[in-house]
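Counting convention: from 1, in listed order, for ligands and their atoms alike.
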Amino acid sequence: MPAQQDLTDPDGQKAAAERVRRVLSPRAAKARVRTFGCQQNEADSERLRGMLAMMGCSFTEDDGEADVLVINTCAVREHAETKVLGVIGALSHLKKAKPGMIIAVCGCAAQRPEFAEKIRGSYRHVDLLFGTHALRRFPELLEAAVAGTGRVFSAEDSDGEIAEGLPVLRDRKYTAWLPVMYGCDNFCAYCIVPYVRGRERSREPERVLTDAGALIASGAREITLLGQNVNSYGGKPARGAGGASGTGFPELLRRAASLDGDFLLRFMTSHPKDAGDALFRAMASSPKIARCLHLPFQSGSDRVLSLMNRGYTRGRYLELIAEARALMPGLVITSDVIVGFPGETEMDFEETYSLIESVRFDSLFTFIHSPRAGAPSAKLPDPVPRAEKQRWFERMTALQDKISGEKHSAYVGKTLRVLITDETGDAAYPARGRTEGNRLVRLTNGAGAAGEFREVKITDGNKWSLMGTAV
Ligand code: SAM
Ligand code: SF4
Ligand code: F3S
């Protein structure tokens with residue numbers, strides 16, 4: 001008689017997890033997951049930890065203590081990959097001293113064939129490698145690695161599905177990541193993400209809302225809705241007006257904000273080509289939605305924006321900022337920018353510089369273009385020397401540091417609502433938290449108040465953070 005299929009476990013992951021648990025539990029196995037890269041990877045790591053807990057592991061913060069060590073990698077810039085290769089290389093000594101441990105490498109870099117080949121050939125102490133698409137198959141893959149019959153490599157490329165129902169073990173109590181969609185279809189010319197994360201796919205709104213409700217019930221006070229471009233949530237609608245499910249991102253945001261409880265919603269990232277009035281009105285509609293917008297502009301030059309395949313102009317970007325500010329005075333705006341895109345000239349850079357001067361972002365994530373094999377920009381002629389790009393980069397960061405410092409100084413004397421997120425153990429600033437605008441606040445008091453929204457009087461500020469006292 002054929003074995004009965006467990007309909008709640010169609011591809012046998014729970015059964016594999018149970019078999020791994022029977023092996024690891026008696027050994028009191030400890031696991032550690034180290035995460036590189038963005039919030040999406042952090043959210044994936046919470047699922048890896050959830051699956052490891054299901055497989056009977058407890059957790060450690062010490063590589064040397066780990067029986068299962070998982071390195072969740074990022075591929076967005078070359079530096080991210082070389083850094084992670086350095087970390088993996090340094091583990092060879094540990095593996096020699098403790099041959100029974102399992103070293104697993106996963107995530108975005110692992111999805112790249114070139115990286116996987118490097119691990120296969122030169123990092124022979126790695127037992128298991130799997131890409132972003134194989135995340136949900138972790139129990140089955142770990143089972144094969146634990147069996148010890150050989151190294152396990154899974155570089156499947158089935159990018160169309162969504163792994164629902166994975167167990168999640170969050171590492172932060174009061175703040176939570178909530179993925180609403182996966183992948184990216186935008187193919188910005190410099191970016192590797194669409195190749196390692198696959199095609200864009202949105203979760204059903206009901207599932208997102210159920211998860212949000214469960215997070216609030218479990219004590220989360222700040223929930224960040226995640227996607228590479230949340231404004232195309234729900235299909236491929238123009239300006240997020242609703243897609244396959246009929247629910248676009250603005251609607252999802254409104255519905256999430258109408259859930260019961262004392263919490264704050266954030267989201268990232270928004271793409272300017274799909275952001276607009278509907279999004280800003282939804283943000284302005286509820287005090288439970290943070291008045292804080294991360295809207296990457298990448299370049300202030302129309303010529304470079306077009307080479308980057310970004311789908312908007314400098315003028316449109318500035319229009320969006322003006323519309324958002326008109327609806328939400330005091331809105332905190334942050335952004336991402338790349339200098340030294342292949343073919344960028346000094347005149348192009350000056351346009352980026354002047355855009356920063358005119359928008360005056362609250363903070364800015366600044367990058368020098370890093371060619372990624374597979375992304376179109378890696379093939380473009382790139383005549384500007386690295387030293388010149390570095391000079392532009394430093395001018396730009398000096399400008400932004402000045403603006404951030406001025407913006408933070410302007411908070412001094414004001415009283416702001418702050419979510420106290422954690423205790424620090426530091427005598428001068430025993431607690432820290434975040435303002436609605438996601439500014440970091442170091443508090444002179446507030447120990448014991450983690451998880452509470454408190455009114456905080458701001459007493460000082462520098463370019464990185466604010467200092468204050470809960471009143
Ligand atoms: N999906 C988001 C978006 O479009 O804004 C963020 C994607 S990426 C994880 C975060 C940032 O890394 C991008 O906004 C971009 O500024 C930067 N980035 C991506 N690829 C890069 C590259 N090849 N070189 C330098 N910076 C890059
Ligand atoms: Fe990369 Fe562009 Fe997609 Fe963001 S929107 S992940 S920058 S391709
Ligand atoms: Fe994020 Fe890096 Fe992957 S930025 S999506 S972890 S390539």
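Distances from ligand 3 to the non-hydrogen atoms of Q40 include no value under 4.0 Å. The shell of residues lying under 4.0 angstrom from ligand 3, judged by heavy atoms, excludes Q39. Residue R197 places every heavy atom at 4.0 Å or more from ligand 2.
At a heavy-atom cutoff of 4.0 Å, ligand 2 is contacted by no atom of P296, backbone or side chain. For R310, every heavy-atom contact with ligand 2 shorter than 4.0 Å involves the side chain, none the backbone. Residue contacts with ligand 2 for F187 involve N, CA, C or O but no side-chain atom from C-beta outward (heavy atoms, distance under 4.0 Å).
When hydrogens are left out, the protein atom nearest atom 2 (Fe) of ligand 3 is C74 SG, 2.4 Å; that is the closest non-hydrogen contact. Shortest contact from atom 7 (S) of ligand 3 to any protein heavy atom: A75 N, 3.3 Å.
Using a 4.0 Å cut-off to heavy atoms of V193, the atoms of ligand 2 that qualify are 6 (S). Under a 4.0 Å criterion applied to the non-hydrogen atoms of C184, ligand 2 contributes the atoms 3 (Fe), 5 (S), 6 (S), 8 (S).
Looking only at atom types and distance, the side chain of S270 has a donor-acceptor partner in the side chain of N231 under 3.5 Å away. Side-chain contact, S404 with Q400: a donor N or O sits under 3.5 Å from an acceptor N or O.
Looking at C191, G183, A109, C108, it is C108 that brings a heavy atom closest to atom 3 (Fe) of ligand 3.
Ligand 1 lies under 4.0 Å from heavy atoms of V76, R77, Y190, Q228, T269, P296, Q298, R310, D336, I338, F367, I368, H369, S370, R372.
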